[in-house]
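Here the structure comes first, spelled out in structure tokens, and everything after it is commentary.
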Number of protein chains: 4
Amino acid sequence: MTLAINKRKTPRQIRAQATVEAILEASAHILVDFGHGALTTNKIAERAGVSIGSLYQYFPNKEAVMTELIRHKRSRMLAAVDMALDDTRSDVFDTALDAVLASIIQLQLNWPRLALALDQAEVFLPLNDETILFKVALNGKINEVLGRQGSKVSEQTIQDVVAIAKGMIEHASLARETDEVDLRRRIMRAVIGYLGR
Amino acid sequence: MTLAINKRKTPRQIRAQATVEAILEASAHILVDFGHGALTTNKIAERAGVSIGSLYQYFPNKEAVMTELIRHKRSRMLAAVDMALDDTRSDVFDTALDAVLASIIQLQLNWPRLALALDQAEVFLPLNDETILFKVALNGKINEVLGRQGSKVSEQTIQDVVAIAKGMIEHASLARETDEVDLRRRIMRAVIGYLGR
Amino acid sequence: MTLAINKRKTPRQIRAQATVEAILEASAHILVDFGHGALTTNKIAERAGVSIGSLYQYFPNKEAVMTELIRHKRSRMLAAVDMALDDTRSDVFDTALDAVLASIIQLQLNWPRLALALDQAEVFLPLNDETILFKVALNGKINEVLGRQGSKVSEQTIQDVVAIAKGMIEHASLARETDEVDLRRRIMRAVIGYLGR
Amino acid sequence: MTLAINKRKTPRQIRAQATVEAILEASAHILVDFGHGALTTNKIAERAGVSIGSLYQYFPNKEAVMTELIRHKRSRMLAAVDMALDDTRSDVFDTALDAVLASIIQLQLNWPRLALALDQAEVFLPLNDETILFKVALNGKINEVLGRQGSKVSEQTIQDVVAIAKGMIEHASLARETDEVDLRRRIMRAVIGYLGR
DNA sequence: CATGAATGAGACTTCATTCAT
DNA sequence: AATGAATGAAGTCTCATTCAT
């Protein structure tokens, strides 16, 4: 039992992993193509090429699928921000912020419909521990970026910066903007303006 | 005309008008108390103290109830902005912007749950003519405010300002902020910063 | 009370009569334009320019409206047959049959959709006394026509002749035939052939 | 292909096939026992000993159940006519017509109420491709029968023969006739008389 | 484990009919 | 009488979930 923990995945586990991913991918596609209202467990299973019974083998209920989708999105976002921070050779504030914004924007504008759908779904889900943890983690990273500016920033400031960026990125998604560079420039302007130089 | 599109029948008697209002009020309460997922026509009718048949006498379907709710919210918002602009004796930019923000914030923080629920619902509804008209009208008013600053502003700028304010207000709603004055101050800072002096 | 029975209709009665007729006419139009499935009491009242309450003033229920429509159709049919028989100067069998068929065909092909709809409705209604009386009356008249042929005819023969004519006329309705003369000729052929000269 | 049009899902397991048959049988029984107006999806499912969900697993809507019933009836009719034609050793016209009539009459008088109900339902359904194909197929077979008479017959003649037979058989159904032999004799008389030797 | 048939609560909606005004 | 607002039983259909095979 315990011995197996760190062992390479058995074929069974590999297949299970593939099934889970097929289900998540199918869900994302349905959200993108037909919207939230068309996301039913039967359609997900069908599109994933899996039986409905199998879906319930891996997810206790429909909400769990959505939750997992959101979890993935959050992971990608945190990872993207981390990578942006690592990539940033200089510790210059502007460069770091720019890099972080670029990574987030890219994430959102890549599949704007999916991103918007997940944004919506997030509101449906109860404000659970996981959500709080994510926000704490993200705010921590943003804090790190803003810290490079020199002065200390308050929690409120961090939240405001996130709110500003989120508002502008979501609007860009809805407006089907595609010019990521321009969007980033405008968000930079808003954030820096807000921070008051 | 436009108003009648989603109506099945225009109430002629006072009683009918009361029924329509009861339905809308009940819908708002359910949204606030239990959220979007609990909003069913039967529950609405029950809470409104009205038969399900009466609901369908005045609304062709469930979506129409939501639409009407959104329509009301938009009307209130435009009216509030108008009033803010009228009230502003001076033509000073800052004062006008402050007044407009105050009125909008007040609307949103008054019933934050309802406002958030309607924000969500708005995304579900297709971007129909009515939505476009509302955005044009709102942007026009914001343009008027920003114009008092002296220089001309682009459509993009207007949209960005709206996006910034919307993002910050929605975040405040979610965070259950209650200090409207502070929120307004921070939004002012972001907007003025974005506009660049 | 009793004194009034034979008096000229009062204005009130005249208005009532007009309402009843408006209702029946509206029903016929709806049947013709939208079919049986679209015939609802509210639509009837609306199209008749009458309130739903008034409809129920004159008809105890929806079925009664249909029944009255069928009653009218039957009256027209019996009257048409009577007239055809009266008009026929000669007592020659062929001429009489031809005249009767002409009148019935004309009735059916005039508003084929209404006629078909009423044919259908007839089957829905229970086989009541009125229906039996109508059939007896019609068969009596057909018997009279067939009698002019010389020999006596059985009840079975009468029914068969009616069935043949009804089958052919209904098919002509469905097939949207318009050549009444040709249809009559073919029915004559079938009936005379059946009677065996 | 054509068969699948109104099907939601083709049953793969024996259990599923049984469900579909139970639904159709229940529908037929309800039509026979209570008539068209009592045929509701809930009653069908209940009588079939199946959940309402199962009904909708195999039929997209209520109309599809009726359609399938009619489809079955048509299949039985075409098969019966084919068998009658095959059985008829001699190519004598009278014998062939007699055999065909016998098979059709037998079908209709077997469950007269069901047959009548389906006749009615047929009129409700739009004259779709399937209906046209059926009529063409049936007329083709009748043409074959009539052709054995020697002379060529027109399309009009075929239709008239079908209309005569249909009219008489339906009347026999309604009149609860049970003497199939006599009915066949009378129809033969009408058809042969119409054809005029 | 996988499959997919089956389930059934419950959502939306219609429409014949009633009744206060 | 006329009006039309209101009623609510009942019908159609969906979809998350279970369970026998």
Side-chain angles (χ1 to χ4, degrees), chain A residues 12 15-16 19 37-46 50-65, chain B residues 8-20 37-46 49-63 65, chain C residues 12 15-16 19 37-46 50-65, chain D residues 8-20 37-46 48-65:
Chain A
R12 180 166 298 180
R15 186 139 66 103
T19 299
L39 192 76
T40 69
T41 51
N42 280 292
K43 280 229 186 73
I44 294 171
E46 185 191 328
V50 153
S51 75
I52 181 66
S54 287
L55 188 152
Y56 278 90
Q57 192 76 33
Y58 296 105
F59 296 91
N61 50 44
K62 185 184 165 180
E63 195 184 298
V65 179
Chain B
R8 174 169 280 197
K9 176 195 280 189
T10 308
R12 291 174 206 290
Q13 299 184 2
I14 310 134
R15 190 165 45 137
Q17 188 56 41
T19 297
V20 167
L39 192 75
T40 70
T41 51
N42 280 304
K43 282 228 185 71
I44 294 171
E46 189 192 358
V50 151
S51 77
I52 182 64
S54 285
L55 189 154
Y56 282 93
Q57 193 112 74
Y58 300 106
F59 298 91
N61 50 46
K62 183 184 161 179
E63 196 186 315
V65 179
Chain C
R12 176 166 300 179
R15 184 140 66 104
T19 299
L39 192 76
T40 70
T41 51
N42 280 293
K43 281 230 186 73
I44 293 171
E46 185 191 327
V50 153
S51 75
I52 181 67
S54 287
L55 188 153
Y56 279 89
Q57 192 77 34
Y58 296 106
F59 296 92
N61 51 44
K62 185 184 166 180
E63 195 183 300
V65 178
Chain D
R8 172 169 283 196
K9 175 195 281 191
T10 307
R12 291 176 208 288
Q13 299 182 2
I14 312 134
R15 193 165 43 137
Q17 188 57 41
T19 298
V20 168
L39 193 76
T40 71
T41 51
N42 279 307
K43 283 229 185 72
I44 294 171
E46 188 191 358
V50 152
S51 77
I52 182 65
S54 286
L55 189 155
Y56 281 92
Q57 193 110 68
Y58 300 106
F59 298 91
N61 51 45
K62 183 183 160 180
E63 195 186 316
V65 179

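Reminder, nothing fancy here: chain letters follow the sequence lines and each chain counts from 1. Atoms considered below: every heavy atom in the structure, side chains included; atoms not considered: hydrogens, waters and symmetry mates. Keep in mind that what you see is a predicted model, and the values were worked out from it rather than measured.
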Next on the checklist: Rounded at 0.5 Å granularity, tell me how far OG1 in A:T41 sits from CD in A:E63.
Outcome noted: 13.5 Å

Checklist entry - If you pin B:G49 and C:V50 to their nearest nucleotides in DNA chain F, which one's is more 5'? => result C:V50

Checklist entry - How would you label the contact of A:S54 with the nucleic acid (heavy atoms, under 4.0 Å): base, sugar-phosphate, or nothing? => result base

Next on the checklist: Once you apply a heavy-atom cut-off of 4.0 Å, does A:T41 come out as touching a base, just sugar-phosphate, or nothing?
Outcome noted: base

Can you measure [X] atom [atom1] to [N] atom [atom2] for me and round it to whole angstrom units?
X     : N      : atom1 : atom2 : value
A:F59 : E:dC1  : CZ    : P     : 15 Å
D:L55 : F:dC13 : CG    : P     : 9 Å
C:N42 : E:dT17 : CG    : P     : 11 Å
D:K43 : F:dG11 : NZ    : C1'   : 10 Å
B:E46 : F:dA6  : CD    : P     : 18 Å
B:L39 : E:dA11 : CG    : P     : 11 Å
D:N61 : F:dG11 : CG    : P     : 17 Å
B:K62 : F:dC13 : NZ    : P     : 19 Å

Answer yes or no: does a side-chain N or O of [X] lie under 4.0 Å from OP1 or OP2 of [N]?
X     : N     : result
B:T19 : F:dA6 : yes
B:S51 : F:dT7 : yes
D:Y56 : E:dG8 : no

Checking contacts here: which listed nucleotide ([options]) is nearest the side-chain heavy atoms of [X]?
X     : options               : result
B:Q57 : E:dT13, E:dC1, F:dT7  : F:dT7
A:I52 : F:dT18, F:dA5, F:dG11 : F:dT18
C:Y58 : F:dA2, F:dG4, E:dA5   : F:dA2

Next on the checklist: Quick check on DNA chain E: between B:R15 and D:A18, whose nearest nucleotide comes earlier from the 5' end?
Outcome noted: D:A18

Checklist entry - Mind checking who E:dG8 pairs with, Watson-Crick or G-U wobble, both distances under 3.5 Å? => result F:dC15

Checklist entry - Taking a pair as Watson-Crick or G-U wobble with both distances under 3.5 Å, which nucleotide is matched to E:dA20? => result F:dT3

Item to check | Distance-minimising heavy-atom pair for A:L55 and A:A45 | outcome: CD1-N, 4.1 Å

Item to check | Closest non-hydrogen atom pair, D:Y56 against D:N61 | outcome: CE2-CA, 3.9 Å

Next on the checklist: Is the shortest side-chain heavy-atom distance between D:F59 and D:V20 below 4.5 Å?
Outcome noted: yes

Checklist entry - Between B:S51 and B:S54, is there a donor-acceptor pair closer than 3.5 Å when you use the side chain of the first and the backbone of the second? => result yes

